[in-house]
> 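The following block contains the structure, expressed as structure tokens.
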Amino acid sequence: MFQRILLLVSIVIFVDATCQNYVRMNSSDQKIINENLTGKRFFLKSSMYYGDFYGNSDICLLSPRKFKETNYLEGLDKKTIFPGEEKGIVPYNSEVLVEKVEFPFSNRPLLTPRFYPWVYLKVDKLSGYKSCIVVIRPDVGRVEEFKILFYEIFSAENNEKVISKFNSDVRDAIFNKKYIDGLSEQEVYIIFGKPDRIEHKRVGDTHIVVFDYEYFTITFKDDRTVSFNKVEKR
């Protein structure tokens with residue numbers, strides 16, 4: 001029992017120390033963001049995985065990455081604590097309603113990404129959950145910085161016409177979040193979301209672009225995908 005208490009105290013000390021690395025947005029800017037976004041409907045700019053939010057079956061996590069490829073939370077050993085397992089996919093262009101945007105340091109469960117901004121959503125396609133959460137990168141301190149990250153995930157416009165332009169193979173890749181050869185950069189963004197890094201290089205007369213998603217890379221040759229490679233987490 002004593003060891004369990006000591007472990008919990010150690011975790012609290014660890015996460016409280018961790019929060020010092022993050023920028024806390026002031027209350028007036030938080031209010032502006034909520035006034036601008038709460039109660040409005042948006043559309044997903046990429047297909048998203050969903051599943052229980054760190055053991056809470058009432059709330060779901062929406063993520064452009066597989067849950068085992070997220071890095072929202074670390075333990076004392078510096079290893080990532082994963083949310084669990086995804087249950088399925090919410091497809092690109094699904095409509096969502098923003099319920100609120102919540103910032104640290106709200107009263108949140110300990111073993112969750114509690115020092116990140118959370119966007120609470122109602123997702124029409126997921127009636128089994130009370131709400132869904134999208135986790136936003138924590139190191140933002142201004143309204144405009146937050147909006148840039150928000151609009152990388154959500155669109156104010158219905159993009160049904162965009163979908164209609166894709167052939168059946170591309171639509172299948174989008175709705176099932178899977179790689180196929182011959183995708184454009186726009187299509188890869190829709191399927192996998194924004195990469196962590198983008199590398200440009202030339203091999204002779206050929207333009208090579210590499211999208212790095214930490215656990216995998218996607219390589220383009222002359223503006224079309226040619227390979228998908230899994231990599232060890234760095």
Side-chain angles (χ1 to χ4, degrees), residues 3-38 42 48-87 90 96-123 126 128-154 193-194 196 214-215 233:
Q3 290 179 331
R4 183 178 295 179
I5 293 172
L6 183 61
L7 175 61
L8 287 173
V9 171
S10 299
I11 292 172
V12 171
I13 292 172
F14 171 76
V15 295
D16 284 345
T18 302
C19 77
Q20 296 175 10
N21 297 324
Y22 300 149
V23 176
R24 183 181 181 186
M25 186 176 292
N26 65 57
S27 58
S28 61
D29 282 350
Q30 292 179 25
K31 183 179 179 182
I32 290 170
I33 287 172
N34 268 290
E35 288 174 347
N36 288 344
L37 299 178
T38 298
F42 295 90
M48 305 278 273
Y49 293 104
Y50 77 88
D52 295 352
F53 185 79
Y54 289 86
N56 186 343
S57 59
D58 290 331
I59 299 175
C60 81
L61 172 67
L62 288 182
S63 170
R65 312 285 175 93
K66 290 183 177 180
F67 285 10
K68 64 182 180 181
E69 295 174 355
T70 61
N71 56 359
Y72 302 134
L73 183 64
E74 287 185 348
L76 292 169
D77 56 1
K78 299 293 186 179
K79 292 183 178 179
T80 302
I81 298 173
F82 298 113
E85 293 185 2
E86 61 272 7
K87 292 183 176 181
V90 180
V96 302
L97 173 69
V98 176
E99 296 180 294
K100 65 177 178 178
V101 183
E102 185 181 87
F103 293 86
F105 301 103
S106 304
N107 184 22
R108 292 169 168 177
L110 183 61
L111 292 180
T112 64
R114 56 203 293 259
F115 302 116
Y116 288 63
W118 294 357
V119 180
Y120 281 81
L121 306 166
K122 283 290 186 187
V123 182
L126 294 177
Y129 288 101
K130 292 181 180 178
S131 294
C132 290
I133 289 174
V134 169
V135 177
I136 300 291
R137 200 180 75 208
D139 55 338
V140 289
R142 297 185 301 164
V143 171
E144 291 308 314
E145 291 174 335
F146 182 89
K147 284 186 174 182
I148 288 171
L149 297 180
F150 181 88
Y151 285 109
E152 287 176 354
I153 302 169
F154 302 101
K194 184 180 178 180
D196 297 308
E214 191 169 7
Y215 285 88
K233 182 183 176 183

> Taking all non-hydrogen atoms of both residues into account, name the closest pair between Y129 and G51 and its distance.
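The pair with the smallest heavy-atom distance is OH-C, 3.7 Å.
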> Roughly how far, to the nearest 0.5 Å, is OH of Y49 from NZ of K66?
4.5 Å
> Please say whether more than 12 non-hydrogen atoms of neighbouring residues, nucleotides or ligands are located less than 6.0 Å from NZ in K194.
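No, the 6.0 Å shell around NZ holds no more than 12 heavy atoms from other groups.
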> Less than 4.5 Å apart, side chain to side chain, heavy atoms only: is that true for F42 and F150?
yes
> For E99 and K122, work out which heavy atoms get closest and say how close.
OE2-CE, 3.1 Å
> Just to verify, which of Y54, F115, Y116 counts as forming a side-chain contact (heavy atoms from CB on, under 4.5 Å) with L73?
Y54
> Looking at CD1 of I32 and CD of Q30, how far apart are the two atoms once the value is rounded to the nearest 0.5 Å?
10.5 Å
> Can you tell me how far OG1 of T70 sits from CG of L61, rounded to the nearest 0.5 angstrom?
7.0 Å
> Looking only at non-hydrogen atoms, find the nearest pair between P113 and V135 and report the distance.
CG-CG2, 4.1 Å
> List the atom of P104, the atom of P117, and the distance in Å for their closest heavy-atom pair.
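For P104 and P117, the tightest heavy-atom pair comes out as CD-N, 4.1 Å.
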> Hey, does M48 have a side-chain heavy atom less than 4.5 Å from the side chain of V123?
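V123 vs M48: side chains apart.
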> Measuring from atom CG of L62 to atom CD1 of I153, what distance do you get when rounded to the nearest 0.5 angstrom?
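The distance works out to 9.5 Å.
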> Less than 4.0 Å between a side-chain N and a carboxylate O, is that true for R142 and E145?
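Looking at R142 together with E145, the answer is yes, because their closest N to O distance falls below 4.0 Å.
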> Once you round to the nearest 0.5 Å, how far does NZ of K31 lie from OG1 of T38?
12.0 Å
> For a 4.5 angstrom cut-off between non-hydrogen side-chain atoms, does L121 reach F154?
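Sidechains of F154 and L121: in contact.
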> To the closest 0.5 Å, what do you measure between SG (C132) and CG (L97)?
11.5 Å
> Is there a side-chain contact between P138 and Y72 in this structure, where contact means two heavy atoms from C-beta onward sitting under 4.5 Å apart?
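SC-SC contact between P138 and Y72 ruled out.
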> Do K100 and N34 touch side chain to side chain, with heavy atoms closer than 4.5 Å?
yes
> Would you mind checking if R65 and E214 are paired as a salt bridge, meaning a charged N to carboxylate O distance below 4.0 Å?
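So E214 does not pair with R65 through a salt bridge.
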> Pick out which of W118, F146, F103 makes a side-chain contact (heavy atoms from CB on, under 4.5 Å) with I136.
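Exactly one pass, corresponding to F146.
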